[in-house]
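These notes concern the structure reproduced below.
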Amino acid sequence: DLPCELHSWRQMAEYSPEMRQFACILHLYHVKAYDYLRKIFPLPHPYSLTKQVFIHSFIHSECISSWLSSNEAAAGFSNNIFLRLQEKVERGEQAYRYCALMVQDMSLQKQQEWDPQTQRLTGFVDLGAGVLDADEAPLASEAIILMAVGISSPWTAPLGYFFVNSTTGHLLAQLLRQTISKLNNIGITVLAVTSGATARGAETARALGIRIDPERIQCTFQHPPGSAHSITYFFDICHALQLIRNALQCFQKIEWLSNTVRWQHLVELAVLREQRVLEPCSPKSGRPGSEENYHLKVNLATLLFSEGVADALEHLQKLGLAPFQNCSGTVKFVRLMSHLCEVFHGRVPYRRGLKGPLLAGNYTKISHLFNEAKSFFVTLRDSVGRYIIKSKRKLGFLSFLLNAESLKWLYTNYVCPEGTPSHHVLTCVFSLDSLELFLRALQQACGSSGSPTCTVFQATYHKLLASCSLVPGSPDSGGSGSTSSLEISLSRRRDLTLGSIRAQYNPARGRMLATEYPYCAGLLLHGSALSNALTDLSLHAQSITCTAGFIAEQLASDLQCEACLASLFESDESRLRCRSVLYVKKLGGVSLPSASVYHITSISEQVLNWYGKVGDSNKTTKLQHLSLEQKVFQELLGESPLFPTLTNHLFDGELCVNNHYTVLVKEITQRYLNIRTNHAKHLNLKYHCGRHRLKRLKGKHLFTSPLGSCQSSQTHAGS
């Protein structure tokens with residue numbers, strides 16, 4: 001299908017689709033072969049494959065877009081997104097002058113399909129120059145997605161996708177260079193590129209000119225090649241942490257100078273059983289002859305490499321528990337990794353210290369941390385004395401070293417000098433969180449748990465692209481829906497929590513969900529304002545407390561946030577300030593809820609008493625539940641703030657209404673209403689309209705458990 005005459009290749013405007021495909025695919029897959037063939041055939045300059053070309057005639061001027069671009073949602077660069085970005089740059093919006101570029105792949109189901117609209121077969125490889133639909137053409141098995149993220153402002157833009165049969169690092173490097181050229185053409189400068197910390201990502205980095213050698217790290221590459229413009233390279237931090245976890249688990253023991261890092265210390269913490277702790281009451285409690293009843297509980301939402309885990313190990317060592325003796329080396333390693341994670345997960349511009357943005361004020365501290373980490377990583381040895389940094393488990397450590405050099409280079413060249421684009425850099429933009437957020441929205445919209453076909457992927461991508469606003473901070477900025485970047489970051493690190501280790505080493509226990517509703521009987525606890533108040537409350541109020549505690553334990557099994565999980569329970573924070581190990585008070589076998597959880601359930605019960613009509617299956621609808629939830633929120637407005645321990649944590653994510661605070665209130669309210677309405681229907685109970693007392697069954701309290709029963713008040717007295 002290709003002409004052999006030289007003159008046929010001289011005019012780009014006269015190229016047939018087959019000629020365009022040939023030129024684009026050859027250049028993307030093998031640059032040297034393309035350059036060699038240009039000496040024989042007058043193929044277009046590589047710059048022309050992405051630059052817009054204008055053809056002038058005596059009647060009009062017609063713009064021919066890049067051969068690798070598409071005006072619709074077909075494979076290739078999205079012309080619509082590039083045009084909208086160009087408009088913002090031309091209007092002088094400074095937030096769009098600089099960006100980071102990220103790349104990720106998504107698996108596809110190999111399937112050939114007939115498209116009735118185009119009257120063509122689909123499912124083949126498509127790099128933006130048209131589908132290869134010949135008999136010998138391979139079916140696509142992966143989609144490569146490219147996204148731009150604002151450096152100084154949190155805007156995201158999906159730039160396009162490509163259907164490929166097999167992805168190589170050289171192909172990704174060429175696609176990245178083509179993308180950088182297209183962004184440069186519209187006035188946007190790319191400062192950094194991010195890929196996964198995988199074998200393919202490492203191959204991509206080397207193809208671009210990055211050197212991943214601890215003794216001679218080269219963290220930048222030039223584009224165009226040989227020019228003065230340099231671009232840094234980052235590996236995704238979440239991927240790097242998973243690799244370091246794998247290394248520590250495989251080696252079991254890592255030596256560092258005179259210290260030893262042991263994986264078993266982390267396993268023992270994760271599988272630590274809940275233990276009852278009895279201590280004499282303090283004189284302030286008013287009951288000097290009694291004992292405080294606490295249960296030592298591990299917070300399974302705690303991240304493996306966090307300050308909380310380091311504090312917990314130290315605390316358990318002081319308690320004299322045998323599995324945690326001689327854990328000082330593990331504590332140092334975990335604490336160092338925690339500080340590194342804080343630097344690379346900075347997402348809030350007004351935070352200070354390591355968790356804040358890269359600023360002149362904290363650069364000295366960050367630089368010192370990077371130097372400490374480098375001296376630490378290069379001296380790590382396995383049990384037989386081999387250097388970890390030279391072993392087959394080195395990529396995670398090398399990723400952190402490369403990222404550290406890239407961040408220092410960005411500070412020196414774009415933050416420190418005057419007249420720079422931004423006085424601060426949010427380090428979270430150099431992770432794949434934004435792209436993963438878009439891909440998960442894409443996967444959910446595809447409507448299947450498996451890999452989508454090319455046709456389904458293309459249709460879904462088109463819908464998400466239509467909702468992409470490009471507005472900084474908007475939930476629909478990158479077409480990713482209402483999920484926040486903090487949520488996706490926590491979700492991606494779920495395999496790096498204590499809960500994941502417990503599930504791996506003790507799958508029978510895992511996250512033990514409360515499946516049996518506790519009895520309300522038993523001695524009430526003393527020593528807190530809430531438990532003291534319960535002594536004189538009716539069985540009705542005590543049942544609300546038991547239900548609230550039951551909800552807290554249920555919710556704790558689903559939460560991925562360490563701070564939010566800790567806020568659910570009434571605990572003794574004077575003993576241990578960290579939230580990875582909690583001292584929780586118990587009531588009749590169930591954890592005593594925090595005052596905030598109890599207050600939300602109490603208000604929910606009041607609203608249900610005033611407005612609810614449960615028992616009629618035809619009327620208990622989702623719409624009625626939404627109405628009840630709204631009334632609960634109205635009752636909570638104007639009262640004292642809930643969850644006081646989460647004040648600082650709420651600023652870790654985006655400043656929006658749908659943060660962890662509102663999610664907790666909503667989840668607690670929904671679960672309480674579900675328990676109450678479902679159980680009331682089971683007992684055939686009904687509310688009266690207005691503020692009247694609740695009906696009771698003969699000899700039973702209204703709050704008997706949906707999975708058990710509460711004992712009578714006489715039983716309480718006898719206990």
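Between the side chains of S107 and S451, at least one donor-acceptor pair of N or O atoms lies under 3.5 Å. Side-chain contact check for Q174 and R177: no donor-acceptor pair (N or O, by modelled atom type) lies under 3.5 Å. With no hydrogens or angles considered, a side-chain donor-acceptor pair links E90 and Q86 at under 3.5 Å. A donor and an acceptor atom, one from each side chain of H223 and S181, are located under 3.5 Å apart. T455 and E113 are linked by a side-chain donor-acceptor pair at a separation below 3.5 angstrom, with hydrogens and angles left out of the test. Defined by atom type and a distance below 3.5 Å, a donor-acceptor pair is missing between the side-chain atoms of T220 and T232.
Atom CD1 of residue I151 and atom CG of residue L410 lie 7.0 Å apart, to the nearest 0.5 angstrom. Once rounded to the nearest 0.5 Å, the distance linking CG of L496 with SG of C238 reads 5.5 Å. Put simply, CD on E342 and CD1 on I366 are 10.5 Å apart, with the number rounded to the nearest 0.5 Å. With rounding to the nearest 0.5 angstrom, the OG1 atom of T189 is 9.0 Å from the CG atom of L183. Note that CG of L664 and SG of C564 are 4.5 Å apart. Values are rounded to the nearest 0.5 Å. Distance check: I180 CD1 to N185 CG gives 12.0 Å after rounding to the nearest 0.5 Å.
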What do the steps show when you test V343 against L407 for side-chain contact (heavy atoms from CB on, under 4.5 Å), and what is the final call? CA-CA 10 Å; V343 172; L407 204 58; 3.9 Å; yes

Go through the steps to decide whether L465 and S78 satisfy the test side-chain contact (heavy atoms from CB on, under 4.5 Å), and finish with yes or no. CA-CA 9 Å; L465 206 62; S78 303; 3.8 Å; yes

Would C341 and L241 satisfy side-chain contact (heavy atoms from CB on, under 4.5 Å), going step by step from the backbone distance to the final call? CA-CA 9 Å; C341 292; L241 286 173; 3.6 Å; yes

R84 vs E87, salt bridge (charged side-chain N to carboxylate O under 4.0 Å, His left out): CA-CA, chis, key distance, verdict: CA-CA 5 Å; R84 289 164 61 187; E87 291 173 358; over 6 Å; no

Under the side-chain contact (heavy atoms from CB on, under 4.5 Å) rule, what do E562 and L303 come out as? Steps first, then yes or no, please. CA-CA 8 Å; E562 173 193 2; L303 292 172; 5.8 Å; no

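The shortest heavy-atom contact between I81 and A157 is CG2-CB, 4.0 Å. Of all heavy-atom pairs spanning Y96 and I188, the tightest one is O-CG1, 3.2 Å.
Side-chain rings of F370 and F344 approach one another, their centers coming within less than 6.0 Å. Checked against the 6.0 Å centroid threshold, F457 and F163 count as a close aromatic pair. Ring pair F234/F400: centre-to-centre distance not below 6.0 Å. With ring centers used as reference points, F235 lies under 6.0 Å from Y233.
Geometric assessment of K182 against the ring of F82 yields a positive cation-pi assignment under the 6.0 Å and 45° thresholds.
Counting heavy atoms from C-beta outward, H368 and T364 have side chains that stay 4.5 Å or more apart. Considering only heavy atoms from C-beta on, L340 comes within 4.5 Å of M337 through its side chain. Looking at heavy atoms from C-beta onward, V89 lies out of side-chain contact with R97 at the 4.5 angstrom threshold. At a threshold of 4.5 Å between non-hydrogen side-chain atoms, the residues V193 and I231 count as touching. Side-chain atoms of L432 and H239, non-hydrogen and from C-beta on, do get closer than 4.5 Å to each other. Side-chain atoms of L442 and Y461, non-hydrogen and from C-beta on, do get closer than 4.5 Å to each other.
A donor-acceptor pair is defined here as one N or O able to donate and one able to accept, closer than 3.5 Å; no such pair exists between the side chain of N165 and the backbone of S141. Judged by distance alone, the side chain of T453 and the main-chain N or O of Q109 form no donor-acceptor pair under 3.5 Å. Although no hydrogens or angles enter the test, the distance criterion places no donor-acceptor pair under 3.5 Å between the side chain of S153 and the main chain of G150. For the pair Q443 (side chain) and G450 (backbone), a donor-acceptor distance under 3.5 Å is present. Between the H229 side chain and the V190 main chain, a donor and an acceptor come within less than 3.5 Å of each other. The closest donor-acceptor contact from the side chain of S195 to the backbone of V103 lies at 3.5 Å or more, if one exists at all. Judged purely by atom type and a 3.5 angstrom limit, Y161 has no side-chain atom pairing as donor or acceptor with the backbone of I144. Formation of a donor-acceptor pair under 3.5 Å by the S367 side chain with backbone atoms of Y363 is not found in this model. Although no hydrogens or angles enter the test, the distance criterion places a donor-acceptor pair under 3.5 Å between the side chain of W155 and the main chain of A95.
Looking at residues two or more places apart in sequence or on another chain, you find a side-chain hydrogen bond (donor to acceptor under 3.5 Å, both in side chains) between T167 and E142. Under the rule for a side-chain hydrogen bond (donor to acceptor under 3.5 Å, both in side chains), the partners of Q104 that lie at least two apart in sequence or sit in another chain are E436.
Applying the salt bridge (Lys or Arg N to Asp or Glu O under 4.0 Å) definition to pairs two or more places apart or across chains, none involves residues 440-450.
The pair R200-E203 fails the salt-bridge criterion, with no side-chain N (NZ, NE, NH1 or NH2) lying under 4.0 Å from an Asp/Glu carboxylate O.
Checking L171, L146, I145 one by one against F162, the side chain to side chain contact (heavy atoms under 4.5 Å, CB included) holds for a single residue, L146.
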